[in-house]
Amino acid sequence: MRDDEVARLLLAWYDIHARVMPWRVSPQDRAAGVTPDPYRVWLSEVMLQQTTVAAVRGYFRRFTELWPSVQALAGAEDGAVMGEWAGLGYYARARNLLACARVVVADHGGQFPDTEAGLRALPGVGAYTAAAVAAIAFDRAAAVVDGNVERVMARLHAVTEELPGAKGALVTLAGRHTPQARPGDYAQAVMDLGATICTPRNPACGICPVNGLCAARAQGIAAELPRKARKAAKSVRQGRVWVVVRPDGGLLLEQRPAKGLLGGMLGFPGDGWDGFGQDMPPVQADWHEAGEVRHIFTHIDLRLTVMVGRVEGPALRGQFLPPETPLPTLMDKARALALAQLEANLGVKGGHDEPSPSAD
DNA sequence: AAAGCGTGGTA
DNA sequence: TTACCAAGCTT
């Protein structure tokens, strides 16, 4: 096939079927001269790393309402940004997001670099994100390769080598198809195709705009590609956390270490299940077992026993924060279980007085 | 360079 | 339930 034939067909398809998203400029608007806001493009790309569009929408809206510009985000407090990110996962992204915003403001006059290499040097910006922002925000002919593009290329060219070994070949193929004209629309077109038609399972080859050029379809192996190496089994881990509730409803929370699991986020004191803490409650109390939370991380199958206790005095570690403080999902599950137990078995509701955020 | 790092949806 | 998967980056 001629390399540019794929781009021509995908752009024509995208002109009709482009998905509408809050961070995206439609192909029609772009043709009329509207240019995307690099800040919004970058923010969306970071949020979308290993994360579905559906999960990102609400977070993107809240972030852009709170911090409409890179200058605003750079001036935000760390805790506020981590709190807004709570629940989205991969928290290193949030730390890098803030670091990146501050570098852009401090070292680049508040303007994102407009080249792939310049972008690649920013915290949290890897090969994919640099290419995506360069293409989408600045119309650079960068080869944008995410999981969708890998899949589309593997099928189009019937690449049967396993990932990640095949990555290099797929990047080369992707670069060959990237057009000089409308590279930003093209990148989004391939990703839309991968998300809606050239899907991992049951690809809709019958309605694919490039089905006539697809080698895997010709061989009847489209659904089997790309091949991937089996992933390592998860390790099973058991642990315990203590949820301390003050009379005003305040919860005892600790800031977790900056690196590692749930790095930089708030969490309940634990027994060392994560490598931190001691096998001892943070305060003396009448402890009740609220139950067990099961949480599956990328590499750990965790069962966490949740203990709950009411206390009036100060604690040895951590600080009391309002009961609605944003928490990562694991800790949110533990909180829900603990408060339900408190209400059901002890006849106590979450809080009576105004919760005070003061540290003890 | 293989492993570590979240979460929610789907088959 | 299990397994896989989603617009990956860092060390």
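Each chain gets a letter, A, B and so on, in the order its sequence line appears, and its residues count up from 1.
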Among residues 99-108 of chain A, which residues get a heavy atom nearer than 4.0 Å to DNA chain B?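 Those residues: none at all.
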Under 4.0 Å, heavy atom to any atom of DNA chain C: which of residues 11-24 of chain A qualify?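 By residue number: A/Arg19, A/Met21, A/Trp23, A/Arg24.
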Could you give the CZ-to-P distance, from A/Arg230 to C/dT2, as a whole number of Å?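 Nearest whole value for this atom pair: 13 Å.
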Give me the distance, rounded to whole Å, that separates B/dA3 from C/dC4 when you measure between the P atoms they each carry.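 My reading of the P atoms in B/dA3 and C/dC4 gives 16 Å.
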With P as the reference atom in both, quote the distance from C/dA7 to B/dA11 in angstrom, rounded to an integer.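 Approximately 15 Å lies between the P atom of C/dA7 and that of B/dA11.
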Rounded interatomic separation in angstrom, taking CG from A/Leu163 and P from C/dC4: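 Answer to the nearest Å: 14 Å.
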Using a strict heavy-atom distance below 4.0 Å, which residues from residues 183-195 of chain A are in contact with DNA chain B?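 Here the set is empty: none.
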Scan for side-chain hydrogen bond (donor to acceptor under 3.5 Å, both in side chains) pairs involving residues 78-103 of chain A, sequence neighbours excluded, and state none if there are none.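 Matches after skipping sequence neighbours: A/Thr51-A/Arg93, A/Asp78-A/Arg102, A/Tyr90-A/Thr298.
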Working for side chain to side chain donor-acceptor pair (under 3.5 Å), residues A/Gln49 and A/Tyr128: CA-CA 9 Å; A/Gln49 290 165 8; A/Tyr128 162 76; over 6 Å; no
Check ring pair (Phe, Tyr, Trp, His ring centres under 6.0 Å) between A/Phe112 and all other residues, then give those that pass, not counting sequence neighbours.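 With neighbours one apart ignored, the set is A/Trp42.
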How close or far is atom C1' of C/dG8 from atom CD of A/Glu45, stated in whole angstroms?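 Interatomic distance, CD of A/Glu45 to C1' of C/dG8: 11 Å.
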Evaluate the criterion salt bridge (Lys or Arg N to Asp or Glu O under 4.0 Å) for residue pair A/Asp301 and A/Lys234; output intermediate values, then yes/no. CA-CA 6 Å; A/Asp301 185 347; A/Lys234 296 186 197 309; over 6 Å; no
Non-neighbouring partners of A/Val171 that pass side chain to side chain contact (heavy atoms under 4.5 Å, CB included), sequence neighbours left out: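 With neighbours one apart ignored, the set is A/Val145, A/Lys167.
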Under the side-chain hydrogen bond (donor to acceptor under 3.5 Å, both in side chains) definition, can you give me all pairs with a residue in residues 194-210 of chain A, not counting sequence neighbours?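 Applying side-chain hydrogen bond (donor to acceptor under 3.5 Å, both in side chains) to every pair that reaches into residues 194-210 of chain A, excluding sequence neighbours, yields nothing.
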Send over the distance from A/Tyr59 OH to C/dA7 C1', rounded to a whole Å.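 Rounded to whole Å, this separation is 17 Å.
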Atom-pair distance (NZ on A/Lys234; C1' on C/dC5), nearest Å: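 In whole Å, C/dC5 C1' lies 11 Å from A/Lys234 NZ.
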Does C/dT1 have OP1 or OP2 under 4.0 Å away from a side-chain N or O of A/Arg294?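 Yes, such a contact exists.
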Can you check each nucleotide of nucleotides 1-11 of chain B against protein heavy atoms at under 4.0 Å and return B for base, S for sugar-phosphate only, - for none, in 5' to 3' order? ---SBBBS---
Would you list the pairs meeting side-chain hydrogen bond (donor to acceptor under 3.5 Å, both in side chains) in which at least one residue belongs to residues 251-260 of chain A, sequence neighbours left out?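 Sorted pair list: A/Glu254-A/Arg317, A/Arg256-A/Asp274.
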How close do A/Leu9 and A/Pro209 get, counting heavy atoms only, and between which atoms?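 Shortest heavy-atom contact: CD1-O, 3.8 Å.
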Using whole Å, report how far CH2 of A/Trp42 lies from P of C/dC9.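 It is 14 Å, rounded to the nearest whole Å.
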Between B/dG8 and C/dT1, how many Å separate the two P atoms, rounded to a whole number?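 So the two P atoms sit 16 Å from each other.
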C/dC5 P sits how many Å from A/Asn148 CG, rounded?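 It works out to 13 Å between those atoms.
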Check side chain to side chain contact (heavy atoms under 4.5 Å, CB included) between A/His17 and all other residues, then give those that pass, not counting sequence neighbours.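 In terms of side chain to side chain contact (heavy atoms under 4.5 Å, CB included), with neighbours along the sequence ignored, A/His17 is linked to A/Trp13.
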Would you mind classifying the nucleic acid contact of A/Val144 as base, sugar-phosphate or nothing, using non-hydrogen atoms under 4.0 angstrom?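 Nothing, no nucleic acid heavy atom in range.
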Give a yes/no on whether any side-chain N or O of A/Thr129 is located under 4.0 angstrom from OP1 or OP2 of C/dC9.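 Answer is yes, contact under 4.0 Å.
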Nearest whole Å is fine: how far is C/dA7 P from A/Arg57 CZ?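 Going from CZ in A/Arg57 over to P in C/dA7 covers 14 Å.
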Could you say whether A/Lys259 or A/Gly147 is positioned toward the 5' end of DNA chain C, judged by the nucleotide with the nearest heavy atom to each?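 So the residue in question is A/Gly147.
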For A/Gln284, is the CD atom crowded, meaning more than 12 foreign heavy atoms sit under 6.0 Å from it?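 No, not enclosed.
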Identified side chain to side chain contact (heavy atoms under 4.5 Å, CB included) counterpart of A/Arg335 within the set A/Val245, A/Val293, A/Val306, A/Leu251: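 Considering A/Val245, A/Val293, A/Val306, A/Leu251, a side chain to side chain contact (heavy atoms under 4.5 Å, CB included) with A/Arg335 is found only for A/Leu251.
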Under the 3.5 angstrom rule, does the side chain of A/Lys228 hit a backbone N or O of A/Pro164 as a donor-acceptor pair?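 Side chain of A/Lys228 to backbone of A/Pro164: no pair is present.
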With a 6.0 Å cut-off (strictly less than), is the heavy-atom count around CD of A/Gln28, excluding the residue itself, greater than 12?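 For A/Gln28, atom CD is crowded (more than 12 foreign heavy atoms under 6.0 Å).
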For residues 61-68 of chain A, tabulate all N or O donor-acceptor pairs below 3.5 Å that involve a side-chain atom, not counting sequence neighbours.
from: A/Thr64; atom 1: OG1; to: A/Phe60; atom 2: O; distance (Å): 2.8
from: A/Thr64; atom 1: OG1; to: A/Arg61; atom 2: O; distance (Å): 3.1

A/Asp271: side chain to side chain contact (heavy atoms under 4.5 Å, CB included) partners, not counting sequence neighbours: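 Expected list: A/Arg240, A/Trp242, A/Trp273, A/Asp279.
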